[in-house]
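Everything below concerns the one structure shown next.
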There are 2 protein chains.
Amino acid sequence: MTTPKRVTIRDVARRAGVSVATVSRVLGGDYPVLAATRNKVTRAVRELDYVPNAHARALSADRPGAIAIVVNSVAVPYYALIAQGVEEQAAQEGRLSLICTTGGDTARELSIVQLLREQRAEAVILVGSVIVDEEYRTRMTEYAHALAAAGSRLVLCGRPPLGEGAPALVVGFDNTGGAHAVTAHLLSAGHRRILYLGLRPGHSTSDSRVAGYRSALAEYGVPGDPSLEVEAEFDRDAGYAAMNRRLAAGPPDFTAVFAGNDLLAAGAVQSLREHGLRVPAEVSIVGYDDVPPAQDLGLTTVHLPHDELGRAAVRLALGRLTSSPMTLGTHIVVRDSVRSLGPRRSGS
Amino acid sequence: MTTPKRVTIRDVARRAGVSVATVSRVLGGDYPVLAATRNKVTRAVRELDYVPNAHARALSADRPGAIAIVVNSVAVPYYALIAQGVEEQAAQEGRLSLICTTGGDTARELSIVQLLREQRAEAVILVGSVIVDEEYRTRMTEYAHALAAAGSRLVLCGRPPLGEGAPALVVGFDNTGGAHAVTAHLLSAGHRRILYLGLRPGHSTSDSRVAGYRSALAEYGVPGDPSLEVEAEFDRDAGYAAMNRRLAAGPPDFTAVFAGNDLLAAGAVQSLREHGLRVPAEVSIVGYDDVPPAQDLGLTTVHLPHDELGRAAVRLALGRLTSSPMTLGTHIVVRDSVRSLGPRRSGS
DNA sequence: ACGTCTGAAGTAACCGGTTACCTGACATCG
DNA sequence: CGATGTCAGGTAACCGGTTACTTCAGACGT
C-alpha cells in the first residue's frame, strides 16, 4: 500500500506550524528566514520525505527548463560523444539535460520538437548532418520560430546555418579544413589515385569533406576524377558494401582511400581484407572523426573535438558565447593505415 | 522582439469565441464537441500557434510521465545500445524517454534520481553494474522507496535484485551462462591456461562472468589458478595497461585470454600486438558483449541482446511484463580470434 | 402546450507550487 | 511618547491547464 496522497507543501507547512510561503522560502533559498523557523521546516520536510513537484514549480516560477539534445541514434559514436559533451556542460551549468533520438525519421523529429516545445525546454540542440534541400530549410525555419515563440533557444550542431531571419545558433566542425589536411597527408605520401568513399550530394557534412578533398587534389595539381568519388551512406555496412562492389569490378585502380568517416573506413577495411588486400601495404586508408573503431584499426584519421562541440552548443544556448556561427578546429591523428610511396611511384 | 506573452488556452478560447473548457476538450480527445465548434477551435489554435504547456497539464491531470534511463556514459557502447532499446520501446508505448548520465559518480546519480522524483517520471531505469556492498544496497533501497512514494517505478538493469521488500523490478543478462559457454569454447579448442582479464571483486557483472569462467574450468577438470585471474576495470585503457604489466613480467604463461568485456579485449589486443604477439596465432582471445570494436577486431565474443534488455525494462516498468527478475539469454559469436590447439598441446 | 430528457458548452474549483503585498512586533528616532 | 522603519512571516492571487458540476437549448413524449 503506497502513500495514498502525495505530500505537498501544505502538508509540510501544517506539520511545521508555519505558512506555505515560509516553506517555499526555506526551500527556495535567499529570502531571510529565522534559523529556528528554518529548522522546523527542514525537519518537517525530512520527516514527511517531501519532494517538491517540478511541474508545479515550472508552472509558477519561470525557472530554467531542461536542455535537450536531439540526435539520430545514440549508438553512433559520433553522436554519443557530442551528447556526452552536452551532458557534461549542462550538468556544470546546473541544468537537466536529456537526449532524444529520432532514428533519422523526420516525422519523429517533428514530434520530438513539438514535445520539447510543450516541455518548455530551455534549449534544443539539433545535431547531425542532413540532406539540405528546400524542404529542410523551411522545416528548420519553422522549428526555429516555433521554439523561439515557446521561449526555447535552438542550436544547430554540424548543420549549415539558416537564413538571416531565423533565430538559430550554429556551431560545427571545420570539415573542409580537416578533409583538406588528411587528403594532403595522402598526397604528400605520394598517393595520386585516392578514392573518396562517402559521396552524398546535398548532404552537408559529406559535401564539405568532399570540398576539402577536391581542393587538396587541386593544390597538388592532381586532376579530379569523378570515377574516384563513390557514393555511400555514412555507416559501416555502406562502406563494406561499396568497397565490395568496387573490388568486384576488378583490382583496385587506386592506392589510397579517404573514407568520409571512420565507420565507412571500418567497413572498407573489412572488405579490403576479405579481398586479400593488406592495409596499408597494398591500400592505404584514412578516415574521419576519430571515433572508437579508429584506434583498434590503427586508422589515420581526423580528430574532432566532439565534446567541445557539445559544450559549445550548451554555452551558446545559454548565452555564454556570442559568436555564432562558430567553427571548431580539427587535427589529424597519424596511426598506421597509410604507406608512404616514397619519392617515386611504383607502376600499377 | 519575441512574443512578450505566451499564448495560453484562454487566448485560444477568446479567439474562438468559446470557453476554455471547450478548447481543452477539443484538444483532449474523446469528449463530444460539435464539428463546427471543433473547427473554430482548431483554427484558433493554428492561427495563434498555440502549444499547450506540458507542466500545467502534468499538474492538473495525472498523465503518464516520462521514462528515464540512467547510465554511466552514453559513450560506452554497452550503455548506448541498451539506451537505444529503451528509446525504441518507449516511443512505441507513446512515452517520452530521456537518457541521463552519471559519469559513474554516486553523488550525481543521487541528484539525478532526486530530479526524476521531482519530475514525477513514470519509470526510472538504472543500468549498469556496480560494486555491490552494504552501502549500495541501502542506497538502492532508499531510491526504490522514494521513487515508489513519488509514483515512479524503478527498474534495475543488469544489477542484482534488492531485498524482498524493496519495490524494484529487475532484468539482466545471463552472464554466468555466457561466460561458461565462451570459456568452454576455449577449452574445447584445447586451451588450458586461460587468463581471465577483468577481475573486480564485488562488482556484480564481473563476479558472475568469473563464476561462469570457473565453472567451465571445473567442468573440464582444469584446476583454477588465482594467478590467471587479473584485476582490471571494464574499459579499453585498463585492458591495455593490465596486459602491458603482465607481459612486462615475462613471456605469456597462458595461451588464451578471456576478457571481461570487448573493450578490455580491445586494449589487450593492442598490448599483445605491441609486444609482437599475434592474435590468434600466438595468443587466442575472447571478449564479451559483442559491441562495435568486436567486429573490427574479428573478436570471438558473447552476443548480448542489448536492445531487448532495454525494451524489456520499459515493458516491465509499464506492467506489460510480469516476471521479474527476468534473465535474457546470450549466445556466442565465433569470429577468428581463437586458434584451435588441436588434439595435443605443444609444450611451452 | 408543458414537462422531461439529452447533449453541447460554460463556470469555477483544483492541481502544487511561487511571490506580491500585507500584517504585526519590535527597534529607532525626533 | 508617538511616528516611522525594519523585518519575519502570513494571505491570497496566480501560473495554465483539466474536469466535476451546472446551465441551457432543442428534441421528444403525452
Side-chain angles (χ1 to χ4, degrees), chain A residues 3-42 44-45 48-65 114-115 117-121 149-151, chain B residues 3-42 44-45 48-65 114-115 117-121 149-151:
Chain A
T3 320
K5 203 89 185 78
R6 236 89 105 185
V7 30
T8 75
I9 198 172
R10 331 230 173 219
D11 300 322
V12 177
R14 198 174 313 121
R15 174 112 183 187
V18 298
S19 73
V20 293
T22 304
V23 176
S24 181
R25 282 164 190 150
V26 168
L27 269 45
D30 32 279
Y31 196 93
V33 176
L34 243 40
T37 316
R38 179 181 298 276
N39 287 339
K40 281 194 297 185
V41 171
T42 50
V45 165
L48 295 173
D49 192 24
Y50 166 69
V51 178
N53 183 320
H55 296 300
R57 269 195 173 161
L59 190 55
S60 48
D62 243 359
R63 41 190 23 249
Q114 183 69 7
L115 209 59
R117 288 179 70 186
E118 292 178 7
Q119 295 283 336
R120 304 291 189 257
Chain B
T3 320
K5 202 93 185 76
R6 234 90 104 187
V7 32
T8 75
I9 197 171
R10 324 218 182 230
D11 300 321
V12 176
R14 197 173 315 122
R15 173 114 186 186
V18 299
S19 73
V20 293
T22 303
V23 176
S24 179
R25 281 166 188 145
V26 168
L27 269 45
D30 32 279
Y31 196 93
V33 176
L34 280 189
T37 316
R38 179 180 299 276
N39 288 340
K40 280 193 297 183
V41 171
T42 50
V45 165
L48 295 174
D49 191 24
Y50 166 69
V51 178
N53 183 320
H55 295 301
R57 267 194 175 162
L59 189 56
S60 48
D62 244 358
R63 42 190 27 245
Q114 183 69 8
L115 209 59
R117 287 179 70 188
E118 292 177 6
Q119 296 282 337
R120 304 293 189 259

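So that the names make sense, note that chain A is the first sequence line, chain B the second, and so on, each numbered from 1.
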_Whole-Å gap separating C1' (dG17(C)) and CZ (Arg14(A))_ = 15 Å
_Options dG17(C), dT19(C), dG16(D), nucleotide nearest the side-chain atoms of Asn53(B)_ = dG16(D)
*Find the distance Ile9(A):CD1 to dT19(C):P and express it as a whole number of Å.*
11 Å
_If we ignore hydrogens and angles and just use 3.5 Å, is the side chain of Asn39(B) paired with the main-chain N or O of Ala36(B) as donor and acceptor?_
no
*Most 5' of Val23(B) and Arg10(A) on DNA chain D, judged by nearest nucleotide*: Arg10(A)
*Side chains of Val26(A) and Thr37(A): closer than 4.5 Å at any heavy-atom pair?*
no
_Side-chain N or O of Ser24(A) closer than 4.0 Å to phosphate OP1/OP2 of dT18(C)_ = yes
*asked:* I want to check one thing: is the phosphate of dG9(D), taken as OP1 and OP2, less than 4.0 Å away from some side-chain N or O of Ser19(A)?
replied: no
*asked:* At less than 4.0 Å, is any side-chain N or O atom of Arg57(A) found next to OP1 or OP2 of dT18(C)? Yes or no.
replied: yes
*Starting from P on dG16(D), measure out to CD on Glu118(A) and report it in whole angstrom.*
15 Å
*Quick one: Arg25(A) CZ to dT19(C) P, roughly how many Å, whole number?*
10 Å
*Using a cut-off of 4.0 Å on non-hydrogen atoms, how would the nucleic acid contact of Ala21(A) be classed: base, sugar-phosphate, or nothing?*
base
*Ser24(B) (side chain) donor-acceptor with Val20(B) (main chain) under 3.5 angstrom*: no
_Between dG9(D) (C1') and Asn39(A) (CG): distance, integer Å_ = 16 Å
*asked:* Tell me the interatomic distance from Gln119(B), atom CD, to dG16(C), atom P, rounded to whole angstroms.
replied: 16 Å
*Over how many whole Å does the gap from Leu59(B) atom CG to dT19(D) atom C1' extend?*
14 Å
*Give the rounded distance in Å between these two atoms: CZ of Arg120(B) and C1' of dG16(C).*
9 Å
_Heavy-atom side-chain contact between His55(B) and Gln119(A) under 4.5 Å_ = yes
Could you list all N or O pairs between the protein and nucleotides 5-8 of chain C that sit under 3.5 Å apart?
none

*asked:* Show the nearest heavy-atom pair for residues Tyr50(A) and Val7(A), with the distance to one decimal.
replied: CD1-O, 3.5 Å
*What pair of heavy atoms forms the shortest contact from Val51(B) to Arg120(A), and how long is it?*
O-NH2, 3.1 Å
*asked:* Do Asp49(A) and Arg117(B) make a side-chain contact, defined as non-hydrogen atoms from C-beta onward lying under 4.5 Å apart?
replied: yes
*Taking OP1 and OP2 of dG10(D), is either one under 4.0 Å from a side-chain nitrogen or oxygen of Thr22(A)?*
yes
